[in-house]
Amino acid sequence: MNRISHWLILWAIVLVVYSCGQGPAGDQVAASEAKEVAPGSGDPFFVDTQKSMINWQAAKLIGGGHNGYILLNKGAMTVNQGQITGGEFIIDMNSITNVDQKPGEGKEDLEAHLKDSDFFEVATYPTGVFTITSVSPLSGNPDATHTITGNLMLKGITKSISVPAKIDITDTEVKASTPQFTIDRTQWNVMFHAGVLGTAKDDIINDQVGIQLELVARK
C-alpha cells in the first residue's frame with residue numbers, strides 16, 4: 001500500500017467516525033429558569049390528539065440512533081384577534097414510541113427502557129407539561145413565523161425554552177409546527193449514558209435530543 005492510499009483510508013475512517021458522532025439535526029435550544037405564566041385571554045382552541053405529536057430523535061456519540069414520537073393526552077390554547085395568548089399541553093409519556101425498529105426486533109425493549117428509571121421514569125412521572133408563556137412574531141426564518149416561549153416540565157423539573165414555529169390561524173383552527181431543534185436532556189435529569197466519566201465512548205448517548213412539534217387545535 002502506497003503512502004497516498006494509506007492516508008486516503010485513514011481520512012475515510014476519520015470521516016466515518018466523525019459522521020457517526022454527529023448529534024441529532026437542528027439548532028440547540030437553551031433551557032433557563034421557568035417563567036411566570038399569565039392567564040391567556042381569548043377563545044379556547046382544543047388540541048386534536050390524533051393529529052398532534054412530538055417527534056424525537058436520539059443518537060449515540062459513535063454510531064447508532066433511534067427516532068419516534070410521543071402523543072398528547074390533551075391540551076388547549078387561547079387565541080385573541082388572531083394571536084395565540086396562552087396554552088397548556090399534557091404530554092403522555094406512556095405513549096413513547098420507537099419507529100425505526102420492527103416489533104420483535106428490539107422495538108418493545110427500547111420503548112420499555114425509555115420508560116424506566118434510566119430515562120423518563122414513567123411510573124413516577126406519567127405526564128409532562130408544556131405551558132406557553134409568550135408568543136412573538138419572528139422574521140428572517142423561512143421555516144417559522146413566530147417564537148414560542150414556554151415552560152417544559154419533565155420528571156418534575158420545569159425549564160423555560162424558546163422555539164421557532166410556523167403558525168397558521170383561522171377562525172376555527174390553529175396549526176403550529178416547528179423545524180427540528182435540540183434540547184439537552186440532562187437539564188431534566190435524564191442522565192443514562194450521558195457524556196460522563198466512566199461511560200465507554202461507544203456507549204455514550206448524545207445529550208442533545210432532537211424534537212419536532214406538530215400541533216393542531218380546533219374550536
Side-chain angles (χ1 to χ4, degrees), residues 26-56 69-96 119-122 124-139 141 143-190 208-219:
D27 293 334
Q28 182 177 344
V29 171
S32 59
E33 293 302 311
K35 298 183 182 299
E36 184 177 352
V37 179
S41 61
D43 298 324
F45 286 68
F46 299 97
V47 167
D48 184 336
T49 57
Q50 299 300 310
K51 295 188 176 181
S52 302
M53 66 176 58
I54 303 167
N55 297 297
W56 59 265
Y69 62 84
I70 306 173
L71 300 177
L72 301 178
N73 272 337
K74 61 181 179 179
M77 61 183 78
T78 51
V79 176
N80 191 1
Q81 297 182 349
Q83 302 295 322
I84 296 173
T85 59
E88 184 171 89
F89 311 94
I90 309 302
I91 304 165
D92 180 7
M93 301 306 295
N94 274 296
S95 73
I96 295 174
F119 287 96
F120 294 103
E121 299 185 67
V122 170
T124 303
Y125 306 102
T127 60
V129 182
F130 183 74
T131 306
I132 293 175
T133 55
S134 68
V135 178
S136 57
L138 177 65
S139 60
N141 187 334
D143 298 320
T145 57
H146 292 76
T147 297
I148 298 176
T149 298
N151 294 331
L152 175 61
M153 188 274 285
L154 295 172
K155 295 183 68 173
I157 298 170
T158 303
K159 299 283 186 178
S160 174
I161 60 173
S162 295
V163 300
K166 182 172 287 186
I167 297 175
D168 183 28
I169 300 175
T170 69
D171 289 341
T172 59
E173 184 179 73
V174 177
K175 290 184 178 180
S177 63
T178 70
Q180 182 162 297
F181 59 92
T182 70
I183 58 174
D184 182 349
R185 62 189 174 97
T186 66
Q187 294 290 302
W188 287 268
N189 199 31
V190 182
Q208 297 298 316
V209 177
I211 302 291
Q212 192 271 325
L213 305 177
E214 295 288 343
L215 293 173
V216 178
R218 298 186 177 92
K219 276 190 175 180

Donor-acceptor contact below 3.5 Å, side chain Thr78 vs main chain Asp43: no
Atom of Asn141, atom of Pro164 and distance for their closest heavy-atom approach: ND2-CB, 4.0 Å
For the student: nearest non-hydrogen atoms of Gly128 and Leu154, plus distance: CA-CD2, 4.2 Å
Candidate list Ile90, Asp92, Ile54, test side chain to side chain contact (heavy atoms under 4.5 Å, CB included), partner Leu72, passing option: Ile54
Polar side-chain atom of Thr186 near backbone of Asn189 as donor-acceptor pair, under 3.5 Å: no
Validation row: Ile148, Ile167 side chains within 4.5 angstrom (heavy atoms): yes
Minimum heavy-atom distance between Val216 and Ser52, given as atom pair plus value: N-OG, 2.9 Å
Pairwise distance CD(Glu214) to NZ(Lys51) - rounded to 0.5 angstrom: 12.0 Å
Exercise: do Thr147 and Ser162 side chains pair donor with acceptor under 3.5 Å: no
Heavy-atom closest contact (Lys159 atom, Ala31 atom, distance): CB-CB, 3.9 Å
Sequence-distant partners of Asp143, side chain to side chain donor-acceptor pair (under 3.5 Å), two or more places apart: none
Approximate separation, where rounding is to 0.5 Å, of Met77 CE and Phe46 CZ: 11.0 Å
CG-CG distance between Leu71 and Asn94, expressed to the nearest 0.5 angstrom: 11.0 Å
Atom pair CD1/CG of Ile211 and Asn55 - distance to nearest 0.5 Å: 8.5 Å
Test item: Trp188 side-chain N/O and Leu152 main-chain N/O as donor-acceptor pair under 3.5 Å: yes
From OG (Ser134) to NE2 (His146), nearest 0.5 Å: 11.0 Å
Distance-only side-chain donor-acceptor flag, Thr131 / Glu88, under 3.5 Å: yes
More than 12 heavy atoms from other groups under 6.0 Å of NZ on Lys175: no
Non-hydrogen side-chain atoms of Ser177 and Leu213 separated by less than 4.5 Å: no
Contact summary for Arg185 and Val190, nearest pair of heavy atoms: NH1-O, 2.9 Å
Heavy-atom check, side chain of Pro126 versus side chain of Met93, under 4.5 Å: no
Euclidean distance, Lys219 NZ relative to Phe45 CZ, rounded to 0.5 Å: 4.5 Å
Thr158 (side chain) donor-acceptor with Ala34 (main chain) under 3.5 angstrom: no
Side-chain touch Ile70/Trp56, heavy atoms, less than 4.5 angstrom: yes
Short side-chain to backbone donor-acceptor contact, Thr178 and Gln212, under 3.5 Å: no
Which atom of Thr49 lies closest to which atom of Asn73, heavy atoms considered: CG2-O, 3.5 Å
Any side-chain heavy-atom pair of Thr133 and Asn151 under 4.5 Å: yes
Side chains of Ile91 and Thr127 in contact at under 4.5 Å (non-hydrogen atoms): no
Donor-acceptor under 3.5 Å (Arg218 side chain, Thr172 main chain): no
